[in-house]
Amino acid sequence: MPVTLVRQRVDSCLRPLQMLRALRDQAGLFGLVGGWHDSSAVVGFAPARTLPVEADPFAAVGELPRVEGAGSFGGGWVGAFGYQLGGLVEQLPPAPCRPVPLPPSSLAYYDHVLVQDAEGWWFEGLVDEANGRRIEAQLKIVQMLLRDTEAPAAPYTCGDFTAYPDGAGHRAAVDTTLHHLAAGDIFQANICRRFEAEFHGDPLDAFCAGVEHLQPKYAAFLRTPQGAIASLSPELFLRRQDRRVRTSPIKGTASLDSDVHELTTSAKNRAENVMIVDLMRNDLGRVCLPGSVRVEDIARAERHTGVWHLVSDVVGKLAPDETDTSLLRATFPPGSVTGAPKVRAMEVINEVEATGRETYTGAIGYVSPCAGLEMNVAIRTFEFAAERVWLGAGGGVVIESTPQGELVETLVKAAPLIEAIGARLDPAEMQALAPVAVGQGTQLAHPTAAATLLPADPAAGLFTTLLVVGGRPIDLDQHLTRLAKSVADCYGSSLPADLAGRVRASASSLVGRHRLRITVAPDSEGIGVPQLTSSPLPERSAAAWRLVPVVLPGGLGSHKYDDRRRLAAVEPAEGTWSTTCDALVSDGDGSLLETGRGNLFVVTDDAVHTPAL
């Protein structure tokens, strides 16, 4: 039966999160915020019908009316496709234990929505002979609810997040996966673990806090019969507009304070990404016109929700006899959170993971007769039920992976999300970061676990310190080149053209040996005037330096940050770092990185090695 799309302007200046708060008590509330629907926000409530638990959601989304009239969204199916729906499209072994089992999908049909575009908010409805009065009533409800522009946040409490399995259990799962890789059984598998805490309050407020802190590209909130889903996902699973289809798999991760160039040139991370790109090309090729599937972009670095990611784009044109139902069946679950080959990787996942996945690593989004289809990959996603909240985190395991490195990746991904909603990881989780071994099996003595995974704050400033001997700055050009790159990366600005002259003038009056520090900090116009400070170096002493092993994933960062909280948080128990007691910083996988103040040298076979300037 054809329907007519109606569209009416709504007098409201509320931002999307305020709109959600204003409608918090409405049944079936959902919100899509970020890059959805050409960067529009879509909010809805009071669905016309809810899909029964036993129904096939893939088949349901193929049942859309023919729409007459112009509009942007109108309505359609909105909800979550849980990871366990993979059992509808593939023969899989039983899933691991699921601590709080949820229905495989949570899907509802909305015949009216609120859409925010550049002009403001619009009420849009799909009107037929049966629901005209209902649509009118819903518009009046919206107008009544929005008379009060106050939409305050409500308090909630969240306990410390504990991981299942623990660090040793996750390393064992990765180790088993590596044996499958070595045997040629798979090329890659995405192995995850679950972080869970007690929660009291409205999950909507946790979602809003997460969005405000992280600004994810494909944020989605769903009020479900069991509780709620709050997705802070950066990843596009599928977008279909007319017959054009796009997927943008994310694979390859590094912390924000690491050198993004190292990520883009990492053989391991690029291998993760390229394998999944090939998998998604294959999946789209099952339903797209021959020759239409192509890779538009490969392994570009993007900043997302507390980390750097490698992102690619694969596009195709849906064949004339294919539908949204067949498109979803051909591609679900997303390849970036399963592995390659997909079916065998899913079998390995069920073998090694400690808990079964719910919505996590499925998909959330909409299928609309007007707007087409758009789904995120349900990663960075909190699920709420039975006064609990949980979050999945994992990574693609390839032959170059290490169990300790994969463990650290789960924490690097989970920590910014947990912190964004005002909660924290159980401190015991950080003990898992202690490195297993260094070099030729040498155990680090009493390593200090990282106190925080938060990146340094560039707003505190950047610096470089150089040696001055007899009034002459040593390696000045190299120091300024490095500082200039950091200023460009962090502030999008340049160093003053006269800085080298200022440094030489300042150094010329210094007698003997000095250290000269150049500090640059941002202001409203880019950077302020660089500050120069100097201090004499003490006479060389025969006193030994004591190095205390410290685990800091990503080290102190790829730039020389003035913010040293990460190092200050792990000072030795007997006092503070000093000129005779320094930190020997290693990464989560046991790699030695640097020291806190000095320079690190490694002597092998009579050769001396040190990190590049």
Side-chain angles (χ1 to χ4, degrees), residues 1-3 5 32 36-38 51 55-68 72-92 104-105 107-110 126 218 235-249 276-297 312-338 340-343 345-346 361-378:
M1 177 173 61
V3 301
L5 190 150
L32 305 176
W36 297 92
H37 189 46
D38 298 325
L51 190 71
D56 181 347
F58 299 120
V61 298
E63 302 170 6
L64 293 173
R66 181 167 53 85
V67 177
E68 298 173 349
S72 66
F73 193 96
W77 290 101
V78 180
F81 292 73
Y83 176 81
Q84 301 303 333
L85 287 173
L88 287 182
V89 294
E90 303 292 351
Q91 290 285 97
L92 298 172
S105 66
L107 205 63
Y109 184 82
Y110 293 81
L126 300 175
Y218 292 101
E235 184 172 357
L236 175 68
F237 172 35
L238 289 173
R239 177 183 294 135
R240 179 197 58 76
Q241 294 174 305
D242 297 324
R243 309 300 291 178
R244 299 184 302 276
V245 181
R246 174 181 297 273
T247 182
S248 298
I276 301 306
V277 166
D278 281 345
L279 187 154
M280 296 308 297
R281 289 173 59 204
N282 178 73
D283 283 357
L284 289 186
R286 297 164 65 184
V287 290
C288 287
L289 288 172
S292 71
V293 177
R294 67 184 191 281
V295 179
E296 280 196 341
D297 200 1
S312 298
D313 296 307
V314 185
V315 299
K317 186 174 182 180
L318 201 63
D321 55 343
E322 302 293 351
T323 64
D324 290 331
T325 294
S326 58
L327 172 61
L328 284 168
R329 284 183 175 276
T331 55
F332 192 88
S336 63
V337 288
T338 51
K342 182 188 281 189
V343 175
M346 293 171 71
T361 64
I364 300 170
Y366 64 81
V367 182
S368 163
C370 304
L373 176 151
E374 195 167 22
M375 299 276 173
N376 75 10
V377 178

Next on the checklist: Could you check whether any side-chain N or O of Trp77 sits under 3.5 Å from a backbone N or O of Ser368, counting only pairs where one atom can act as donor and the other as acceptor?
Outcome noted: no
Checklist entry - Any idea which heavy atoms bring Leu236 and Leu238 closest together, and the distance? => result CD1-O, 3.5 Å
Checklist entry - Which heavy atom in Gly82 sits nearest to a heavy atom in Phe332, and how many Å separate them? => result O-CZ, 3.2 Å
Checklist entry - Leu107 and Val61: side chain to side chain contact (heavy atoms under 4.5 Å, CB included), yes or no, with the steps? => result CA-CA 9 Å; Leu107 205 63; Val61 298; 3.9 Å; yes
Checklist entry - With a 4.5 Å heavy-atom cut-off, do Val343 and Pro341 have their side chains touching? => result no
Item to check | Exercise: identify the closest heavy-atom pair between Ala345 and Thr338 | outcome: CB-O, 3.7 Å
Item to check | Spatial distance of atom CG (Leu328) from atom CE (Met375) [nearest 0.5 Å] | outcome: 5.5 Å
Item to check | Side-chain (Lys342) to main-chain (Thr331) donor-acceptor, under 3.5 angstrom | outcome: yes
Checklist entry - For the residue pair Val314 and Arg281, what are the closest heavy atoms and their distance? => result CG1-CG, 3.8 Å
Checklist entry - Could you give the distance from CG (Leu289) to CG (Leu318), rounded to the nearest 0.5 Å? => result 8.0 Å
Checklist entry - Residues in salt bridge (Lys or Arg N to Asp or Glu O under 4.0 Å) with Asp313, at least two apart? => result Arg246, Arg300
Checklist entry - Heavy-atom count around Glu296 CD within 6.0 Å, excluding the residue itself: above 12? => result yes
Next on the checklist: Using 0.5 Å steps for rounding, measure from the CG atom of Leu51 to the OG atom of Ser105.
Outcome noted: 5.5 Å
Next on the checklist: As an exercise, state the distance from OH of Tyr110 to CG of Leu126, rounded to the nearest 0.5 Å.
Outcome noted: 13.5 Å
Next on the checklist: Nearest 0.5 Å, please: how far is CE in Met280 from OG in Ser312?
Outcome noted: 11.5 Å
Checklist outcome for this item: OH of Tyr366 to CG of Asn376, rounded to nearest 0.5 Å, is 11.5 Å
Checklist entry - Within a strict 4.5 Å, meaning less than it, do heavy atoms of the Tyr83 and Pro334 side chains meet? => result no
Item to check | Donor-acceptor pair, side chain of His37 and main chain of Ser72, under 3.5 angstrom | outcome: yes
Next on the checklist: Can you list everything that forms a side-chain hydrogen bond (donor to acceptor under 3.5 Å, both in side chains) with Glu235? Sequence neighbours excluded, please.
Outcome noted: Ser336
Checklist entry - Can you name the nearest heavy-atom pair linking Ala363 to Ala378, along with the distance? => result N-CB, 4.1 Å
Checklist entry - What are the two closest heavy atoms between Leu88 and Pro57, and how far apart are they? => result CD1-CD, 4.3 Å
Checklist entry - Counting only N and O atoms by type, is there a donor-acceptor contact under 3.5 Å from the side chain of Arg244 to the main-chain atoms of Lys317? => result no
Checklist entry - Hey, does Leu327 have a side-chain heavy atom less than 4.5 Å from the side chain of Leu284? => result yes
Checklist entry - With a 4.5 Å heavy-atom cut-off, do Leu85 and Pro333 have their side chains touching? => result no
Next on the checklist: Apply side chain to side chain contact (heavy atoms under 4.5 Å, CB included) to residues Phe58 and Asp324 and explain how you reach the verdict.
Outcome noted: CA-CA 8 Å; Phe58 299 120; Asp324 290 331; over 6 Å; no
